Amino acid sequence: MLRIVLFLVIIALAAAGAAWVAEQPGEVVLSWNDWKASMTLPVFALVLGAGVVAVMLVWAIILGVLRAPGWMKRGRSSRRSARARNAITQGLLAVGHGDSSAARAHANAARRHAPHDPLALLLQAQSAQLEGDREGARRAFLAMAARKDTKSLGMRGLYIEAQRADDPYAALAIAEEALRLQPTCAWASQAVLGFRCARSDWTGALEILERNLSAGLIDKKAFRRQRAVLLTARATDLEESDESLARDSALEANKLAPTLVPAAVLAAKYLAEAHQVRRAMKVIEAAWQAQPHPDLASTYANLKPGDTATARLGRVENLVAKGPQQLESAVAIARAAIDAGSFSRARAALQPYLDMPTQRVAMLMAEIEHGDRGDTAKARAWTLRAVRALHDPVWTADGYVSDHWRPVSPVTGRLDAFQWQVPVSALPSNKVEVIDDKFHDALIASAAGEALPASTPAEAVTVTVEAAPEAPIVTPKETTVVADEPAKSDKPAKATEAPTEVAAAPASSAAPLFHRRKEAAPVIPIVRAPDDPGVDEDAAPEEFAERSQAPAAGQSTGWRGYRPPR
């Protein structure tokens, strides 16, 4: 609206000025030597305006002619730049969805139209990487590293190519050079830190960590944790060569991260050696409350050398009482109780976990049965059950399982990667179990001459148990174990006696799942894992006993070791 008003005002002023000029009387006379011209004032104003316009037009034409080459050059450059930008855009999109041929074509077009464009160099490098052309990618990254604006990106690419070529020395040299040129470069700092940890240069790794904190690449909480990990690693390496530095490193690591299990174990060990047992106990108790661990329980039990096994058991019970009641607590008490000869205490500690035992629980139960009652058969049954029992937590990082703690993952080089947990590969799955745990329960119950817990006749478990030479236990060749009538194995029987029927089972479950092998010495049946090829398919016909007339309920496959369906 304001522009319209201003335009109208200008038009009105121009009209007023033209009217004023037209109303002026008199003439304008131009005289030059013999030449003389006279005209009225309005005509003179019109001629003067036309002359000014003509001069301006001529000047514009002259300037246009002089500037035409520059305009043409800029237009051609603009068109080339537009083509280059389009090629770069389409090439990056092709790299994104993995079309190597299209990416290469667009990279060539971008290099032809804009050879010095940073994005064209990047597209060229990425298309070469996509095609597997390492030499071409290296040349592109070298060209980027030679420029100031793309130097960091080029060195990053050279570092990746050195890693792909399995050249750690070149990768380390590139990362150190990048860190020297740009101290705040995050990838270079992490790379140098990883290389120093891989070489067990813990002092150098600590220097890099301090530099990262100064550059703001890491917060204080993560810095404290990672410094504790590096100090623990240094203390572990110097445990035998430099005890003084190892002790100082362990104590500082425990101060920075009281819940770090290896740091707490080392710190408690050095404190106990310095006769600071009470302080060592507090260190272990603080770590145990955060995360129970068998190393903590073992260290806590042996803080006072020369103590009796009973004293160690009491100390472990004191530790368990101050933390969460978990599986590790029961295992720690059971281990100390077995060492002290208190098998009843060990059995009571493990009782809540016997329904779904882990491998350690099953092995501890085998040790209890063997040490308490001398029951070799039942001990072997628990050992067999440990094969298929749940896995216990272990030190694992990035799918790698280690028998001891490590500061760095051997897979990715990540610092503080190991966690005390069940490996991912050992977690429960939804696969149907071929052999149910009732088999192991029946085996243990039969070995002890006891009946299984109550179950309906439809859930009867059919097994074949053969007595070991050390434990003469008689079991019928094909025995059906039912809850209401316990299996009888009080008196030995000959191998040639007829099968004894303990209880009548329904017709649908009359066929046994397992068979007695015809061997000279009776053995406990060994259950193979589903992926174990087992015996040869072309085994002798007498490998198994007689065939049943009806398949067992719920069994639809012909696994070796079972009665195949008819």
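The figures that follow rest on heavy atoms only: side chains count, while hydrogens, waters and symmetry mates do not. Remember, it's a predicted structure, so these values are computed and weren't measured experimentally.
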What distance do Asn86 atom CG and Ser81 atom OG have between them, rounded to the nearest 0.5 Å?
11.0 Å

Tell me, with the steps shown, if Arg147 and Asp149 meet salt bridge (charged side-chain N to carboxylate O under 4.0 Å, His left out).
CA-CA 6 Å; Arg147 299 166 53 110; Asp149 53 349; 3.0 Å; yes

Check for a donor-acceptor pair, side chain of Asn302 on one end and backbone N or O of Ser298 on the other, with a separation under 3.5 Å.
yes

Could you check whether any side-chain heavy atom of Val192 comes within less than 4.5 Å of a side-chain heavy atom of Arg180, counting everything from C-beta outward?
no

Are any side-chain N or O atoms of Gln325 and backbone N or O atoms of Val320, one a donor and one an acceptor, separated by less than 3.5 Å?
yes

I'd like to know whether Asp117 forms a salt bridge (charged side-chain N to carboxylate O under 4.0 Å, His left out) with Arg111, so could you lay out the CA-CA distance, the side-chain angles of the two residues, the decisive distance to 0.1 Å, and finally the verdict.
CA-CA 8 Å; Asp117 194 315; Arg111 182 175 56 181; over 6 Å; no

Looking only at heavy atoms, what is the nearest atom pair of Ala228 and Ala257, with distance?
CB-CB, 3.6 Å

Main-chain N/O of His113 paired to Arg80 side chain as donor or acceptor, under 3.5 Å:
yes

Are Leu231 and Leu206 close enough that some pair of their side-chain heavy atoms sits under 4.5 Å apart?
yes

Nearest 0.5 Å please: distance from the CG atom of Leu213 over to the CZ atom of Arg227.
10.0 Å

Salt bridge (Lys or Arg N to Asp or Glu O under 4.0 Å) filter on Asp99, not counting sequence neighbours, yields none

About how many Å separate OG of Ser249 and CH2 of Trp202, when rounded to the nearest 0.5 Å?
12.0 Å

Partners of Thr89 by side-chain contact (heavy atoms from CB on, under 4.5 Å), sequence neighbours excluded?
Leu93

Work out which heavy atom in Tyr300 is nearest to a heavy atom in Arg315; give both atom names and the distance.
O-CD, 2.8 Å

Hey, is NE2 on His275 packed in by over 12 heavy atoms from elsewhere, all under 6.0 Å?
no

So, does Gln126 use its side chain to make a donor-acceptor pair with the main chain of Leu92 at under 3.5 Å?
no

Under 4.0 Å between a side-chain nitrogen and a carboxylate oxygen: does that hold for Arg312 and Asp339?
no

At their closest point, which heavy atom of Ala280 faces which heavy atom of Leu303, and how far apart are they?
CB-CD2, 4.1 Å

Sub-4.5 Å side-chain heavy-atom contact between Leu179 and Arg211
yes

Looking at Asp167 and Gln163, would you say the former's side chain and the latter's main chain have a donor-acceptor pair under 3.5 Å?
no

Chi angles and distances behind the side chain to side chain contact (heavy atoms under 4.5 Å, CB included) call for Thr259, Arg225:
CA-CA 10 Å; Thr259 60; Arg225 175 72 182 189; 3.8 Å; yes

Would the distance check show the side chain of Ser127 and the main-chain N or O of Gln124 forming a donor-acceptor pair, the cut-off being under 3.5 Å?
yes

Stepwise, does the side chain to side chain contact (heavy atoms under 4.5 Å, CB included) test hold for Val422 with Val394?
CA-CA 6 Å; Val422 178; Val394 290; over 6 Å; no

With a 4.5 Å heavy-atom cut-off, do Ser241 and Leu238 have their side chains touching?
yes

Stepwise salt bridge (charged side-chain N to carboxylate O under 4.0 Å, His left out) check, Glu367 with Arg335
CA-CA 10 Å; Glu367 190 173 352; Arg335 179 72 269 168; 2.9 Å; yes

Before accepting this row, confirm whether a basic side-chain N of the pair Arg138/Glu135 lies closer than 4.0 Å to the acidic partner's carboxylate O.
yes

Taking only Lys NZ, Arg NE, NH1 and NH2, and the carboxylate oxygens of Asp or Glu, determine whether Arg380 and Glu369 approach each other closer than 4.0 Å.
no

Look at the side chain of Ser78 and the backbone N and O of Arg74, then say whether any donor-acceptor pair between them is shorter than 3.5 Å.
no

For the pair Thr150 (side chain) and Gly154 (backbone), establish whether a donor and an acceptor sit closer than 3.5 Å, ignoring hydrogens and angles.
no

Can you check side chain to side chain contact (heavy atoms under 4.5 Å, CB included) on Asp416 and Val408, steps first, answer last?
CA-CA 6 Å; Asp416 191 24; Val408 181; over 6 Å; no

In short, Ala110 meets Ala84 closest at the heavy-atom pair CB-O, 4.4 Å

Of all residues at least two apart in sequence or in a different chain, which pass the side-chain contact (heavy atoms from CB on, under 4.5 Å) check with Leu181?
Lys151, Met155, Glu177

CD1/Ile368 to CD1/Ile338 distance, rounded to the nearest 0.5 angstrom?
4.0 Å

Can you say whether the rings of Tyr400 and Phe418 are parallel (under 30°), tilted (30 to 60°) or perpendicular (over 60°)?
perpendicular

Once rounded to the nearest 0.5 Å, what's the spacing between atom CG of Leu121 and atom CZ of Arg139?
12.5 Å

Which of these passes side chain to side chain donor-acceptor pair (under 3.5 Å) with Glu239: Lys269, Arg234, Arg247?
Lys269

Is any side-chain heavy atom of Leu217 closer than 4.5 Å to one of Cys185?
no

Is the ring centre of His293 less than 6.0 Å from the ring centre of Trp405?
no

Which value, rounded to the nearest 0.5 Å, describes the distance between Asn318 atom CG and Glu285 atom CD?
6.0 Å

Could you go through the side chain to side chain contact (heavy atoms under 4.5 Å, CB included) check for His391 and Thr358 one step at a time?
CA-CA 6 Å; His391 285 257; Thr358 64; over 6 Å; no

Can you tell me if His97 has over 12 outside heavy atoms packed within less than 6.0 Å of its NE2?
yes

Heavy-atom neighbours of Trp59 CH2 exceed 12 at 6.0 Å:
no

With a 4.5 Å heavy-atom cut-off, do Pro357 and Met365 have their side chains touching?
no

Which heavy atom of Leu123 sits nearest to which heavy atom of Gly91, and what is that distance?
CD1-C, 3.4 Å

With the side chain counted from C-beta on, respond yes when Arg164 and Gln129 share a heavy-atom pair under 4.5 Å apart, and no when they do not.
yes

Do Glu243 and Glu273 touch side chain to side chain, with heavy atoms closer than 4.5 Å?
yes

Which pair of heavy atoms, one from Arg360 and one from Glu328, lies closest together, and at what distance?
NH2-OE2, 2.6 Å

